[in-house]
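What follows is a set of notes on a single structure, which appears directly below.
Quick caveat, the model's predicted, so the values are computed rather than measured. Below, chain A is the first sequence line, B the second, and so on; all start at residue 1.
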Amino acid sequence: MKIIIVLKMNSIEIRKTFLDFFKSKQHEIVPSAPMVIKNDPTLMFTNAGMNQFKDIFLGNTTVKFPRIADTQKCLRVSGKHNDLEEVGHDTYHHTMFEMLGNWSFGDYFKKEAIAWAWELLTEVYKIDKNCLYVSVFGGDSSDNLSKDNEAYDIWKNYISEDRIIDGSKKDNFWEMGDTGPCGPCSEIHVDLRSEEEKKKVDGKSLVNHDDPLVIEIWNLVFIEYNRMSDGKLVSLPAKHIDTGMGFERLCMVLQGTKSNYDTDVFQPIIQEIAKISGKKYGDNNKADIAMRVIADHLRAISFAIADGQLPSNNKAGYVIRRILRRAVRYGYTFLDFREPFINEILGVLVSQMGDMFPELKSQKDLIKKVITEEELAFLRTLSQGIQKFENYISSNKNSQEINGTFAFELFDTFGFPIDLTQLMAKEQGLTVDMVGFNKGMEEQKTRSRQAAVVDTEDWVIVNPETETEFLGYDTLTSESKIIKFRKIKVKDKEYFQLVFDKTPFYAESGGQLGDKGWFEGNSEKIFITDTKKENNLIVHLTETLPTNQNGSFKLFVDESKRRLTENNHSATHILHSALRAVLGTHVEQKGSLVNDERLRFDFSHFSKMSEKEIKDVETLVNKKIRENIILEEQRNLPIEDARKMGAVALFGEKYGDFVRVITFDKNYSVELCGGTHAKSTGQIGMFKIVSESAIAAGVRRIEAITADQAENFFNSQLQLVLEIKEILKNPNDVLKAIATLQSENENLNKQLGEFKKGQALNLKGDLINSKENINGINFISAKVDLDMASIKDLAFAMKAEVENLFLILANESDGKANLSIMISDNLITEKSLNASNLIREIAKEINGGGGGQPFYATAGGKNPSGIENAFKKAKEIIEGL
RNA sequence: GGGGGAUUAGCUCAUUUGGCUAGAGCGCUUGCCUGGCAGGCAAGAGGUAAGGGGUUCGAUUCCCCUAUUCUCCA
């Protein structure tokens, strides 16, 4: 008998082995980029390992290391890769996952990529070769591409040809988007089924057929083309390798489990969920799904929050909120949680992954707080929706089916997933009209698609340069050439994007808005309405193109706007340090907005700032401004050196980055920052906080103004006080004068009220005295000089006092007439009188119309001279009874 | 970026073809019952119906804009 001792690697070892292997092949190992993406309009989250290298593929940036390997945190929840609804129901979908990858940028190509992948899998990880299949691109006639014979011939050296599969364009031709770098790819698949199963069905036939145990493990992409917007492919001068291997899947393979969720990546979390829910994992399919959902989503939201993306009500923040709510909902429905629980599992995740990803550890308190608040908020929404549902049920008792429109409304407006509605319907013995629901869904999708159509034309190259230089730290003008431009159409609007070889224009980044200004050349002047960053490219937005794009142009940044913006940006840095000094070092930047009018700074802090704290911060900032600290700026500092200087690092730095450090007194404020700043703090002039508020659990927001704006603020406040004084005839003590005024006013109001009451009483008395008894009815008619509200009061008061009352009142204002009729309740039935009907008839006399209730009605008209006739008519009606 | 909903007393929410001088529960104030508390009874205060504009004799209700917020789609 043969004894096989299998020493399973744990997930930490598996990750390390991958990175060590490629290090031995001269790869630079770089840390994971943040999962949350800034400065890319096409992407909210990192959804593949290659994202942080996109600029290299696009040729917008130079290559620092030709060979790189890493593990990258990824999130797939929207756009092309939307796996959210699958997660938990099977054994292998995830929202957040790690992607192991190795890259070559114009260095090695297919031969080495294939050889190393094979070596790592079979010799280092020791995966049985007889379980592996590979695929190569089989060609595609629509793109006029033949089979990838180069890859096929290389694979032949490692694996028998009957294990090589020709793949379709869908599976084996990788594209970044509608346009851009792309190329054929080779996938490595592994068959994890039992020997018996393998005998029954050939593994080769299951490749790419969604069998949970015959799965793709590694994708090797050979980037050699660029897709143009007309669909044509152009060969790239420098060819690249881009590979991706799902870490959680690899763990499953190497640990011999049947599910990613059974590996040591997920089990500790799942066991914790089981523990606090009092249920056992593996007992009940629905509960198991819920536990997997929660385990997966906990990872996604924790990493997102650690990377600076807080849940919110739109964009990326809303994606995070939705993931969290999905987890809450599964816990609510299938694990019977009614109180926040996800935050309690966080500890396990942090102890498990905090070493590899230190951001989890350092932000643990904030993550926990944010998750708890979100859970509470969603449980509230949930109970509102349930109430709505119950209202619907009780008002539609005889229906057996829940209206699809209502089901869609619940989904669309209250965030109720359709399966939850179905579940609740089932409990009442009802079904849901799915046709109607799906119709509502389709309509909404069509609407959204139409609204989101952006037509981007290809870049038109004017001068073939790749690098653009930013001059804006030193100058606000430049002599530049256009490198390229393109036209963008959004709905009925059209604008242009221009890239210059050098530019003083600062592109929106790090919270600082982009510069505005203009450029001149060939006797034309064209305005630049905004400057944006697309990855590393500085893009200038204009409404028109110069008629001749060649030649040189003179660029001008709007100086006054830029200077005011700089003041606010520098003030933001000083504020940041002041907050840390006053509140403590737990204060971390969570968001920032800087423009020429004001600054907005979001930061982690757990309670409302007191008046004194706000004042202390203001005082400290203004003190630093008056110290007139000279700006120290260091460009192109290796990030490691910057960290040593104690620079406050934000999210967003990538591997090997050379960073810029902005210092205002090395013992006070040192920050990594790409923005533009005042030359010395004195330029800021003064600083004033105008609001302090909460924007999310554990996150506060300060809005402040500086320089001219602050000066205006103080001046207008002073002016206000001066004007108040003047109005009060310059008293010695303004406050006392106002207090006196207030109490006098109060007294007068009281007296006036009593006087009015007396008058009304007199008026009421006079009216009552004027009553005529006609057919047993107390008829009163009068024209009064009161507004409609007072007439109403009077009418109600008289109704309470006079029996058998028929009251008709009129007033006149602005050449218009109003009538009001009040009738005692008993007359309505006894004499069949209806104020509403009567007034319609009577109002004809004043050329108007009206209505109301049987006992009280009003009307308006354009003919005041008809009032007497109206009274006469009313009297005739009563007399005629 | 586009759609749908919400915003009414300190809090949670009512208010159906536009008209009952906008109501309830909890909380608050006062008084009473009880040895005290818990509790009970009674009276009362508290509303520019988010803000602005329009339609109308009349708008919490219908329309438009703004703000805040929730939610879905992209």
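The separation between A:Phe437 atom CZ and B:G4 atom P is 17 Å, rounded to whole Å. Rounded to an integer number of Å, the gap from CD of A:Glu409 to P of B:A6 is 8 Å. Here the P atom of nucleotide B:U21 and the CG atom of A:Asp793 are 11 Å apart, to the nearest Å. Rounded to an integer number of Å, the gap from A:Leu809 CG to B:G58 P is 18 Å. Rounded to whole Å, the distance from CD on A:Glu812 to C1' on B:C57 is 16 Å. A:Lys792 places its NZ atom 7 Å from the C1' atom of B:G19, with the value rounded to the nearest Å. At whole-Å resolution of the value, NZ in A:Lys816 and C1' in B:C57 are 10 Å apart. Spacing between atom CD1 of A:Ile828 and atom P of B:C20 amounts to 14 Å, rounded to whole angstrom units.
Remark: A:Lys799 is positioned above the aromatic ring of A:Phe855, its terminal NZ or CZ atom under 6.0 angstrom from the ring centre and at most 45 degrees off the axis.
A distance of about 50 Å separates the P atoms of B:G44 and B:G3, rounded to the whole Å. Between B:G31 and B:C70, the two P atoms lie 43 Å apart (nearest whole Å). B:A45 and B:A6: their P atoms are spaced 32 Å apart (whole Å). For the P atoms, the distance linking B:U21 with B:C37 amounts to 41 Å, nearest Å. Comparing the P positions of B:A14 and B:G53 gives an interatomic distance of 28 Å, to the nearest angstrom. Rounded to a whole angstrom, the distance from the P atom of B:G4 to that of B:C62 is 14 Å. Only the P atoms considered, B:C63 is 29 Å distant from B:A24, to the nearest whole Å. Across B:G23 and B:U48, the matching P atoms stand 15 Å from one another, rounded to whole Å.
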Can you give me every donor-acceptor pair (side chain of residues 868-878 of chain A, partner residue at least two apart or in another chain, under 3.5 Å) with its distance?
unit_1	atom_1	unit_2	atom_2	d
A:Lys873	NZ	A:Glu845	OE2	3.3
A:Lys875	NZ	A:Glu772	OE1	3.1
A:Lys875	NZ	A:Glu772	OE2	3.2

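Pairing for B:A59 is absent, with no Watson-Crick or G-U wobble pair whose two atom distances lie under 3.5 Å. With both pairing distances under 3.5 Å, B:A14 is matched to nothing as a Watson-Crick or G-U wobble pair. In this entry B:U34 has no Watson-Crick or G-U wobble partner, no candidate having both defining distances under 3.5 Å. Of all nucleotides present, only B:G5 satisfies the Watson-Crick or G-U wobble test against B:U69, with each distance under 3.5 Å. In this structure, B:A43 forms a base pair with B:U29, meeting either the Watson-Crick or the G-U wobble geometry with both donor-acceptor distances under 3.5 Å.
For A:Arg840 (side chain) and A:Gly850 (main-chain N/O), a donor-acceptor pair under 3.5 Å exists by modelled atom type.
Residue A:Met788 is out of contact with every strand shown, counting any heavy-atom pair closer than 4.0 Å. Within 4.0 Å of A:Phe796, counting heavy atoms only, lies at least one base atom of the nucleic acid. The residue A:Gly849 sits close to a base: some heavy atom pair falls under 4.0 Å.
With respect to A:Lys439 and A:Glu443, a salt bridge is recorded, a charged nitrogen being found less than 4.0 Å from a carboxylate O.
A:Ser836 contributes no side-chain N or O that forms a donor-acceptor pair with the base of B:G19 under 3.5 Å. For B:G2, its base sits under 3.5 Å from the side chain of A:Gln444 at one donor and acceptor pair at least. Between the base of B:G5 and the side chain of A:Asp412 there is no donor-acceptor pair shorter than 3.5 Å.
When each of A:Phe411 and A:Gly860 is assigned the nucleotide of RNA chain B with its nearest heavy atom, A:Gly860 is the one assigned upstream, toward the 5' end. Mapping A:Leu410 and A:Gly850 onto RNA chain B by nearest heavy atom places A:Gly850 closer to the 5' end of the strand.
Screening A:Arg486, A:Lys487, A:Lys532 against A:Gln497 for a side-chain contact (heavy atoms from CB on, under 4.5 Å) leaves a single residue, A:Arg486.
Side-chain N/O atoms of A:Arg840 include none lying less than 4.0 angstrom from OP1 or OP2 on B:C57.
Around the CD atom of A:Gln428, the shell of radius 6.0 Å holds more than 12 heavy atoms that belong to other residues, nucleotides or ligands. By the neighbour-count criterion of 12 heavy atoms within 6.0 Å, atom CD of A:Glu803 is sparsely surrounded, having that number or fewer from other residues, nucleotides or ligands.
Distances from the side chain of A:Thr858 to the nucleotides B:C73, B:G19, B:U21 place B:G19 closest. The listed nucleotides are B:C57, B:C73, B:G19; the one nearest the side chain of A:Asn818 is B:C57.
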